[in-house]
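Scroll down for the structure; my scribbles are underneath it.
For this chain, numbers begin at 1 and follow the sequence in order.
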Amino acid sequence: MTLKVPCPQCQKAVVWQASSEFRPFCSERCKLLDLGEWADESNKISQPIHADSAISEEMLDAMEDEFLQNNNFFVEPE
């Protein structure tokens with residue numbers, strides 16, 4: 001089954017597969033138009049982000065450990 005999604009910019013059907021170079025957009029033009037809307041702040045995230053609680057040192061250490069375990073960028077070459 002082929003998945004088709006609407007282009008966020010012009011609503012044209014886009015086949016969702018690796019060969020669809022600009023997915024979810026139908027073309028580079030639509031991709032750049034969308035980027036321009038974000039750049040001039042026509043598009044915005046609708047609600048501000050609220051931090052309900054402060055992040056503790058333990059939480060930061062745990063996030064750092066998880067990041068380093070799952071990211072090969074910081075692994076020494078053998």
Give, for atom [atom1] of [X] and atom [atom2] of [Y], the distance between the pair rounded to the nearest 0.5 Å.
X	Y	atom1	atom2	result
Lys4	Lys12	NZ	NZ	10.5 Å
Glu41	Asn43	CD	CG	10.5 Å
Leu33	Gln9	CG	CD	5.0 Å

For [X], give me all partners under side-chain contact (heavy atoms from CB on, under 4.5 Å), at least two apart in sequence or on another chain.
X	value
Pro24	Pro8, Trp16
Glu64	Asp61, Leu68
Thr2	Val15

Residues in side chain to side chain donor-acceptor pair (under 3.5 Å) with Glu58, at least two apart?
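Checked Glu58 against side chain to side chain donor-acceptor pair (under 3.5 Å); matches are Ser56.
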
Qualifying residues under side chain to side chain donor-acceptor pair (under 3.5 Å), relative to Gln17, sequence neighbours excluded
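Counting only residues at least two positions away or on another chain, Gln17 forms a side chain to side chain donor-acceptor pair (under 3.5 Å) with Ser19.
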
Is there a continuous path of hydrophobic side-chain contacts, each under 4.5 Å between heavy atoms, that joins Trp38 to Leu32?
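They do not share one cluster, since no chain of ILVMFWY contacts under 4.5 Å joins Trp38 to Leu32.
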
Pairs satisfying side-chain hydrogen bond (donor to acceptor under 3.5 Å, both in side chains), at least one member in residues 20-29, at least two apart
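Pairs touching residues 20-29 that pass the test: none.
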
So if I apply the side chain to side chain contact (heavy atoms under 4.5 Å, CB included) rule between Val14 and each of Cys7, Pro6, Cys30, which one comes out positive?
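The residue from Cys7, Pro6, Cys30 that satisfies side chain to side chain contact (heavy atoms under 4.5 Å, CB included) with Val14 turns out to be Cys7.
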
Nonpolar side-chain network containing Phe25, other nodes, edges under 4.5 Å:
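Listed partners: Phe22.
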
Donor-acceptor pair, Glu66 side chain versus Ala62 backbone, under 3.5 Å?
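Side chain of Glu66 to backbone of Ala62: no pair is present.
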
